[in-house]
**Student:** 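Below: one structure in structure tokens.
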Amino acid sequence: MDQVAKADIEIKPLGPSPAIRTMLSELLIEAVANGGSVSFMDPLPPETADQFWEIALAAAVRGDRIVLGAYDGDLLVGTLTLVLDLAQNQPHRAELVKMITRISHRGRGVATALLRRAESMALARGRTLLVLDTASDGGAAALYESVGFQLCGEIPDYAFKPQGGLTGTKFYWKRLGAPAVA
């Protein structure tokens, strides 16, 4: 298998544009069609995917989140969102959502590179605690555990799989620095 070196992957924050939304929508539709539990059911209409990314990228413009893109040349091969807009009593933490890697690029370090970049961006914004969740069936639990996330629990039958049937969800946390003091 041809491996993509991590140095060949460029990670950068994404801004709102029709071209970016189209690439993100294609990535989301591919993930859902292949069983990715990322909040949508299969088949995912392109208009629904586009609307989701339009709202997410508008939130990024406001500073409420950072939508990261991983590029292999001009091809968007992954994305991860760092949600910063949390409750007033949670200014020290952020949530990671919508981790997606293109099928052709899985197992090549793309997700790990996205996670590392999100961690550094969180720390730069004073966020010392990250949380995330992943499907119990077919999720990325092994990846998250390999980069230091701690399992805090699992809820059975938490969400539907994209093609139907229930799956549990595992919840994780990772401390990036000293605990915040109010």
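Values reported hereafter were calculated over all heavy atoms of this structure, with side chains retained and with hydrogens, waters and symmetry mates removed.
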**Student:** State, with a plain yes or no, whether a side-chain heavy atom of Phe149 is found less than 4.5 Å away from one of Leu130.
**Tutor:**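 Sidechains of Leu130 and Phe149: in contact.
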**Student:** How close do Lys170 and Leu151 get, counting heavy atoms only, and between which atoms?
**Tutor:**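 Answer, listing the atom of Lys170 first, then Leu151: CB-CD1, 3.7 Å.
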**Student:** Please find the pair of heavy atoms, one from Pro162 and one from Met41, that lie closest to each other, and give the distance.
**Tutor:**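 Minimum heavy-atom separation between Pro162 and Met41: O-CE, 3.6 Å.
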**Student:** Does any part of the side chain of Tyr144, heavy atoms only, come nearer than 4.5 Å to the side chain of Met99, both counted from C-beta?
**Tutor:**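 Met99 reaches Tyr144 side chain to side chain.
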**Student:** When rounded to the nearest 0.5 angstrom, what distance separates CG in Leu114 from NZ in Lys98?
**Tutor:**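 Reported value, rounded in 0.5 Å steps: 15.0 Å.
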**Student:** For the pair Arg65 (side chain) and Asp85 (backbone), establish whether a donor and an acceptor sit closer than 3.5 Å, ignoring hydrogens and angles.
**Tutor:**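 Absent.
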**Student:** Which atoms form the tightest heavy-atom contact between Trp173 and Cys152, and what is the distance?
**Tutor:**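 Reported closest heavy-atom pair: CD1-CB, 3.8 Å.
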**Student:** How close do Glu30 and Asn34 get, counting heavy atoms only, and between which atoms?
**Tutor:**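 The pair with the smallest heavy-atom distance is O-ND2, 2.8 Å.
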**Student:** Are any non-hydrogen side-chain atoms of Leu82 and Leu96 less than 4.5 angstrom apart?
**Tutor:**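 Of all side-chain heavy-atom pairs linking Leu96 with Leu82, at least one is under 4.5 Å.
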**Student:** Kindly indicate whether the side chain of Ile9, heavy atoms from C-beta on, has any atom under 4.5 Å from the side chain of Asp72.
**Tutor:**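 Yes, side chains in contact.
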**Student:** Any heavy-atom pair between the side chains of Phe52 and Leu44 that's under 4.5 Å?
**Tutor:**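 Not in contact.
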**Student:** Tell me, which pairs form a ring pair (Phe, Tyr, Trp, His ring centres under 6.0 Å) where one or both residues lie in residues 11-34, sequence neighbours left out?
**Tutor:**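 Found none.
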**Student:** Holding to salt bridge (Lys or Arg N to Asp or Glu O under 4.0 Å), I want the full list of residues that pass it with Arg116, two or more places apart in sequence or in another chain.
**Tutor:**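 Applying salt bridge (Lys or Arg N to Asp or Glu O under 4.0 Å) to Arg116 gives Glu119.
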**Student:** Donor-acceptor check, side chain of Arg102 to backbone of Leu76, threshold 3.5 angstrom: yes or no?
**Tutor:**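 Present.
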**Student:** Mind checking the CG-CD spacing from Asp74 to Glu10? Nearest 0.5 Å is all I need.
**Tutor:**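 It is 10.0 Å, given to the nearest 0.5 Å.
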**Student:** Of all the heavy-atom pairs spanning Ser136 and Thr167, show the shortest one and how long it is.
**Tutor:**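 In terms of heavy atoms, the two residues are closest at N-OG1, 3.7 Å.
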**Student:** Looking at side-chain heavy atoms only, is the closest gap between Leu166 and Phe160 below 4.5 Å?
**Tutor:**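 When only atoms from C-beta onward are counted, Phe160 and Leu166 do touch, with a gap below 4.5 Å.
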**Student:** What distance do Ser120 atom OG and Arg125 atom CZ have between them, rounded to the nearest 0.5 Å?
**Tutor:**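 So the gap between those two atoms works out to 8.5 Å.
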**Student:** Please report the interatomic distance CG(Asp137) to NZ(Lys161), rounded to the nearest 0.5 Å.
**Tutor:**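 Reported value, rounded in 0.5 Å steps: 4.0 Å.
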**Student:** Please tell me if the side chains of Thr101 and Arg108 come closer than 4.5 Å, counting only heavy atoms from C-beta onward.
**Tutor:**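 Of all side-chain heavy-atom pairs linking Arg108 with Thr101, none is under 4.5 Å.
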**Student:** Given Arg93, which of Val131, Val83, Leu176 fulfils the side chain to side chain contact (heavy atoms under 4.5 Å, CB included) condition?
**Tutor:**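 Of the listed residues Val131, Val83, Leu176, the side chain to side chain contact (heavy atoms under 4.5 Å, CB included) partner of Arg93 is Val131.
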**Student:** Just to verify, what does Tyr71 make a ring-ring contact (aromatic ring centres under 6.0 Å, His included) with, not counting sequence neighbours?
**Tutor:**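 Scan of Tyr71 (ring-ring contact (aromatic ring centres under 6.0 Å, His included), adjacent residues dropped) gives none.
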**Student:** Keeping the roles fixed (side chain from Thr79, backbone from Leu68), state whether a donor-acceptor pair exists under 3.5 Å.
**Tutor:**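 Yes, the answer is positive, given that a donor and an acceptor are paired below the 3.5 Å cut-off.
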**Student:** Val67 and Leu115: same hydrophobic cluster, using ILVMFWY side-chain contacts below 4.5 Å?
**Tutor:**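 No, separate clusters.
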**Student:** Checking the side chain of Thr134 only, and the main-chain atoms of Ala140 only, is there a donor and an acceptor separated by less than 3.5 Å?
**Tutor:**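 Yes, because the side chain of Thr134 sits within donor-acceptor range (under 3.5 Å) of the backbone of Ala140.
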**Student:** Does Val32 offer a backbone N or O that forms a donor-acceptor pair with the side chain of Gln163 under 3.5 Å?
**Tutor:**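 Judged by distance alone, yes, a pair lies under 3.5 Å.
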**Student:** Report yes or no: do Val77 and Ile100 belong to one cluster of Ile/Leu/Val/Met/Phe/Trp/Tyr joined by side chain heavy-atom distances under 4.5 Å?
**Tutor:**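 No, Val77 and Ile100 fall in different hydrophobic clusters.
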**Student:** Would the distance check show the side chain of Asp50 and the main-chain N or O of Pro46 forming a donor-acceptor pair, the cut-off being under 3.5 Å?
**Tutor:**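 Not a single qualifying donor-acceptor pair exists.
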**Student:** Do Leu123 and Ile66 belong together in a cluster built from hydrophobic side chains that touch within less than 4.5 Å?
**Tutor:**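 Yes: a chain of side-chain contacts under 4.5 Å links Leu123 to Ile66.
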**Student:** Look at the side chain of Lys174 and the backbone N and O of Val147, then say whether any donor-acceptor pair between them is shorter than 3.5 Å.
**Tutor:**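 Yes, the answer is positive, given that a donor and an acceptor are paired below the 3.5 Å cut-off.
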**Student:** Drop me the distance from Leu57's CG to Arg62's CZ, to the nearest 0.5 angstrom.
**Tutor:**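 So the CG of Leu57 and the CZ of Arg62 are separated by 11.0 Å.
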**Student:** Could you tell me whether a side-chain N or O of Arg117 sits under 3.5 Å from a main-chain N or O of Ile11, the two making a donor and an acceptor?
**Tutor:**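 Confirmed, Arg117 side chain pairs with Ile11 backbone.
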**Student:** What's the separation between atom CG in Asp64 and atom OG1 in Thr81, rounded to the nearest 0.5 Å?
**Tutor:**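 Here the rounded value is 12.5 Å.
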**Student:** With the side chain counted from C-beta on, respond yes when Ile20 and Met23 share a heavy-atom pair under 4.5 Å apart, and no when they do not.
**Tutor:**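 Touching, per the 4.5 Å side-chain cut-off.
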**Student:** Check the pair Trp53 / Thr22 against side-chain contact (heavy atoms from CB on, under 4.5 Å), numbers first and verdict last.
**Tutor:** CA-CA 9 Å; Trp53 289 116; Thr22 296; over 6 Å; no
